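Please read all numbers here as calculations on a predicted model, not as lab measurements. Naming convention: chains lettered A, B, ... in sequence-line order (proteins, then strands); numbering from 1 in each chain.
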Amino acid sequence: MYVPHTEKDKEEMLKAIGAASFEDLVKQVPSKFLWPKFSLPQESLDEQQAAARLAELSKKNCRPLSFLGAGAYERYTPSAVKAITSRTEFLTAYTPYQPEASQGTLQAIYEFQSTVCALYGMDYANASMYDGASSFAEAVRATVRITGRKKIVYAAGVHPQYMDTLRTYFAHSPEYTYAKVPMKDGVIDKASLPALLEGAACLAVQTPNFLGLIEDLDGLADAAKKAGALLVAAADPVSLGVLRTPGEYGADFAIGEGQSLGLPLSYGGPYLGLFSCKKEHVRQMPGRICGMTKDKDGKRGFVLTLQAREQHIRRDKAASNICSNEALCALAATVYTALLGPEGLRELAEANMGAAAHAAERLSSIKGCSLKFKGPFFNEFVLSVPGSAAAMREKALGHGVDIGLPLAPLYPELGETLLVCATEARTGDDIARLEKAVKEAI
Amino acid sequence: MICGTSHSSVHLAQSGCSVSAIDNRLSVEKSDPGRRGLKIKNPLREKACLKPELRRKDRPNLPELSEFDVIRHYTRLSRLNFSVDTHFYPLGSCTMKYNPRFNEEAAALEGFANLHPLAADSCAQGTLELLHDLGARLNELLGLDAITLQPAAGAHSEFTGLLLAKAWFESRKEERSEIIVPDSAHGTNPATASMMGFSTVNLASRPDGRLDLENLKKHLGPKTAVLMMTVPNTLGIFETQIEEICRAAHEAGALVYMDGANLNALIGMVKPGELGIDMMHLNFHKTFSTPHGGGGPGAGAIVCRKALAPFLPVPTVKKEGGRFVSDFGDGRSIGKVKSFFGNTGVLVRAYAYMLAHSVKEFGEIAKCSIINANYVRALLKDLYPSYSKEHCMHECVLTPGPDMTAKGLKTLDVAKGLLDRGFHAPTVYFPLIVHEAIMIEPTETESKETLDAFAAAMKEIHALGISDPQALKDSPHTMPVKRLDEVQAARQPNLRW
């Protein structure tokens, strides 16, 4: 309870207003609606009691040794990141609509946009969107606006939740059609592309893909262009510490999930939508954009710009309806990337690859288990298991290890498999425990 | 830095620009090749093996700084900002109330912060119970039946709500393509309608700022899907005829969607469900005190009648036996509007806020937010006339007085003048139906003393504007930057280093 007013305060203020009582102020509200009964606690908790209640709840979540990935990655968040994002001048600041009072936030956004461009090899980025899935949907929507077409061609390795979100964004409307590019050995079957791309608005791909495999996107931008379509590439930002970028591959739009840049898992959010594009598409980019300019005295400053794309100016003609974004998360990602620098990012990416390579090596040596695919992978891989993957997972959870995500519900054609992820948060000892847990779960 | 009046030294300290604002270099401009910050020493790095043709060709253009460089750089940047903890933000429609520190501690609890979104339900019982309890309490507080906590913000919630409406009408095999929106609506309302392929019917308000019921009835028809209303509206005025409005909409077979941005005026005092609405959204970063973070993250919810429940995004949380489970619905759901469950970290903060408020205390929020807005309105009535002649609810819309406009002064000048005096500006130029609008929402957590100081600053601005209009037009004088060239920013975009 944070209201400061005493009864005396209220009386004085009512007097100044010229109201005899509070009831005078709410005459507009039909009295039958005022002060209903609520079946809710009549007493609030004091801070100590609330702390105890929340601690009790948080302890009901178990913390298994986790090898789950699938779009959300366990990272160690450096203390320097938290030190900056917990500063109240960032935490309790508002959207920088009054730029003179918000140069801290605005410069941080500019640096964030620059960071995304640097990682993805793209020309421009926005100030963030809600998450990878909604960024993906918005990128595809942009291609539909630009080409005027309604056929969406997508690789089978795109995150299933990205596709679910996209279909929802198009309200499951039958005017949009979807053509899935099949997989060959777990990656895009390039041979099938020319036929599929006819009449397409976009070709949407992901690398590393949902199954962890690194996709070779050579030739895809050209194939798309030939068909009059645009290339949308989703990529994990940490993987771009070592891997070829969407920009190098000629992507028109590049998106990603910024949770990977040191944000806590937090049961799904708040996460961070990364959205970037080629120069020529900038006016189709949704969301806020920050630009550098000068003030009256010629001094460098930053402002939100190109606002004519946005809801508060264009209303029903806006590129998107987005208002709030994930600003504080964007700041966290910017600080994280600044702490790492290009070398640190490379080390981080290599640690991820190394951890997963080691886990793959150990697990594929277990009798009955094998790697489903031979191609190079980043920090997760598909493991074929003897027997029910879901049952194995449950058994291993009983021993405090989450051995991975059973894939049969999402990719039934892969049979009994687990998507196993090992990030830099995993050590050699952790992977030894994983090996033991898998062996015992068979 | 130019410091004009004798007030300025106090205001300098208040506005936080006592730090050296002269070094405005980007992080990358402070870069020193080879300088390192964090190192990753996990020995498993050695096992990484990558074919050269898969490696990125260029080195990413990122700064090379020490950890200390980074800390100093961003700490300095932070001090260029205003923030709720340092400044009063009378921003109408934004509800810039105190962000309790306890909320931050709650969200940071390891059990909540480290839970993977695809964790098995058996591992997530604490979070699932929290989300279920939060949902149940909100249903009761708002007088509705079912809830989704998946949307990431207000606009995202509106999008979800219109998707629900679409699914609802499809299930009844009705084709409805129009959304009715008052001309006072927040831009996200028509923008969302457009995104969904609906056409927007803009309804002109009455002179008192309310919806014209007869005009509404003329526009309601078999094509109307949804009437979107903010209650109280963006002028801070309650739609007294809300029952009749909802009845008219229902008679035409349409749904009523309440934009809950202004819920702070009603919370604990009115149950929106009793007004006749079919669904509403709420903004956790407004009414429920989660921090704005410089523009996000927020979180939203859609709360609705039972009939719309089957269409809600999945998963939701239900209780089965003594356990909490993720519920993926019966196939009628509209699907997902974002990945995973929702902005759970923000929802934990909102839950902490819930625990800190009894029913009566929620009612005090509505009460004191209404008293505060009316108090400011009364203090300023001679110099900044109110658009509406009635008492307002939790926010009021004022305009600069005729003596100010006679000097060529605009709302923007008032806004910039406030920055020099240690206050963030109110919302300006919204709602669009008021010329030179100044929308003020103090919120309930501001004390009488703060409001008195704000009114004094507004009076000082008036005096300055009359005596030396150019000085006001040139403000701010004491901020890290002066007025910025927004035209150049748009004409010659410089959007990255």
Atom group of A:V29 that falls short of 4.5 Å from chain B, counting heavy atoms: both
Closest-packed option against chain A by number of heavy-atom pairs under 4.5 Å, given B:D58, B:L65, B:T445: B:T445
Pairs of heavy atoms under 4.5 Å with chain A: top-ranked of B:N114, B:T200, B:I365, B:L379: B:N114
Rounded distance [0.5 Å steps], CG in A:D402 versus CD in A:E394: 11.0 Å
Gap between atom OG1 of A:T168 and atom NZ of B:K338 - 0.5 Å precision: 13.0 Å
N/O donor-acceptor pair under 3.5 Å between A:E350 side chain and A:E347 backbone: no
Sidechain-backbone polar pair: A:Q113 side chain, A:C290 backbone, donor-acceptor under 3.5 Å: yes
Under 4.5 Å from any heavy atom of chain A - which part of B:L54: both
Which of B:H116, B:K47, B:E243, B:E274 touches chain A most, by non-hydrogen pairs under 4.5 Å: B:H116
Heavy-atom proximity to chain A below 4.5 Å, by part of B:R59: side chain
Among A:S266, A:G341, A:A349, A:A133, residue most engaged with chain B (heavy-atom pairs, under 4.5 Å): A:S266
Contact class of B:Y74 relative to chain A, heavy atoms under 4.5 angstrom: both
Structural part of A:K296 lying under 4.5 Å from a heavy atom of chain B: both
Contact origin within B:L91 toward chain A - heavy atom pairs under 4.5 Å: side chain
Under 4.5 Å from any heavy atom of chain B - which part of A:A125: neither
Most chain B-contacting option - heavy-atom pairs closer than 4.5 Å, from A:S134, A:A338, A:A16, A:G428: A:A338
Any donor-acceptor N/O pair, B:K367 side chain to B:I371 backbone, under 3.5 Å: no
Sequence-distant partners of B:A415, side-chain contact (heavy atoms from CB on, under 4.5 Å), two or more places apart: A:Q98, B:A425, B:V428
Criterion salt bridge (charged side-chain N to carboxylate O under 4.0 Å, His left out) on A:R53 and B:E129, from CA distance to verdict: CA-CA 12 Å; A:R53 173 66 181 138; B:E129 182 175 343; 3.0 Å; yes
Residue A:E361 versus chain B: region with a heavy atom under 4.5 Å: side chain
A:A357 portion near chain B, given a 4.5 angstrom heavy-atom threshold: side chain
Most contacts with chain A, counted as non-hydrogen pairs under 4.5 angstrom, among B:A356, B:G37, B:A378, B:C49: B:A356
Proximity breakdown for A:L68 and chain B, heavy-atom pairs closer than 4.5 Å: both
Toward chain B, the part of A:P41 with a non-hydrogen atom under 4.5 Å: both
Under 4.5 Å from a heavy atom of chain B, the part of A:E248 involved: side chain
Chain B interface, residue from A:V282, A:T92, A:T165 that has the most non-hydrogen pairs under 4.5 Å: A:T92
Among the listed options A:F302, A:Y124, A:Y169, the residue most often paired with chain B at heavy-atom distances under 4.5 Å: A:Y169
Max heavy-atom pair count under 4.5 Å with chain A, selected residue of B:E140, B:K448, B:M196: B:E140
Closest-packed option against chain A by number of heavy-atom pairs under 4.5 Å, given B:T127, B:N61, B:N99, B:D474: B:T127
Which atoms of B:E444 approach chain A - backbone, side chain, both or neither, heavy atom under 4.5 Å: both
Partners passing salt bridge (charged side-chain N to carboxylate O under 4.0 Å, His left out) against B:E110 (at least two apart in sequence or in another chain): A:R63
Contacting moiety of B:P476, where chain A heavy atoms sit under 4.5 Å: side chain
Region of B:H424 that comes under 4.5 Å of a non-hydrogen atom in chain A: side chain
Heavy-atom proximity to chain B below 4.5 Å, by part of A:L397: side chain
Proximal component of A:T427, with respect to chain B [non-hydrogen, under 4.5 Å]: backbone
SB check B:K482 A:D297 (cutoff 4.0 Å): yes
Atom group of A:H358 that falls short of 4.5 Å from chain B, counting heavy atoms: both
Pick from A:K27, A:E100, A:E74, A:Q107 with the largest number of heavy-atom pairs that fall under 4.5 Å of chain B: A:E100
Chain A contact via B:Y89 - which portion, at a heavy-atom distance below 4.5 Å: side chain
A:A83, part contacting chain B, at a heavy-atom distance under 4.5 Å: side chain
B:R35 bridged to B:E64 by N-O distance under 4.0 Å: no
Heavy-atom proximity to chain B below 4.5 Å, by part of A:I84: side chain
Beyond-backbone contact of B:M393 with B:I237, side-chain heavy atoms, under 4.5 angstrom: no
Segment of B:M96 engaging chain A (4.5 angstrom heavy-atom cut-off): side chain
Main-chain N/O of A:Y271 paired with A:D131 side-chain donor or acceptor, under 3.5 Å: no
Side chain / backbone / both / neither for A:D164 at chain B, heavy atoms under 4.5 Å: both
Cation-pi geometry met for B:K97 and A:Y2 (6.0 Å, 45°): no
Minimal non-hydrogen separation, A:G121 against A:T245, with atom names: CA-OG1, 4.0 Å
Backbone N/O of A:L40 and side chain of A:Q42: donor-acceptor pair under 3.5 Å: yes
Check: A:N61 side chain, B:G126 main-chain N or O, donor-acceptor pair, under 3.5 Å: yes
Polar side-chain atom of A:S114 near backbone of A:Y110 as donor-acceptor pair, under 3.5 Å: yes
Option that, when pairs with chain B are counted at under 4.5 Å, heavy atom only, ranks first among A:C62, A:S173, A:S44, A:S39: A:S44
B:R483 bridged to A:D295 by N-O distance under 4.0 Å: no
NZ/NE/NH1/NH2 to OD/OE distance under 4.0 Å, B:E364 and A:K10: yes
Test: A:R288 and A:E326 ion pair at under 4.0 Å: no
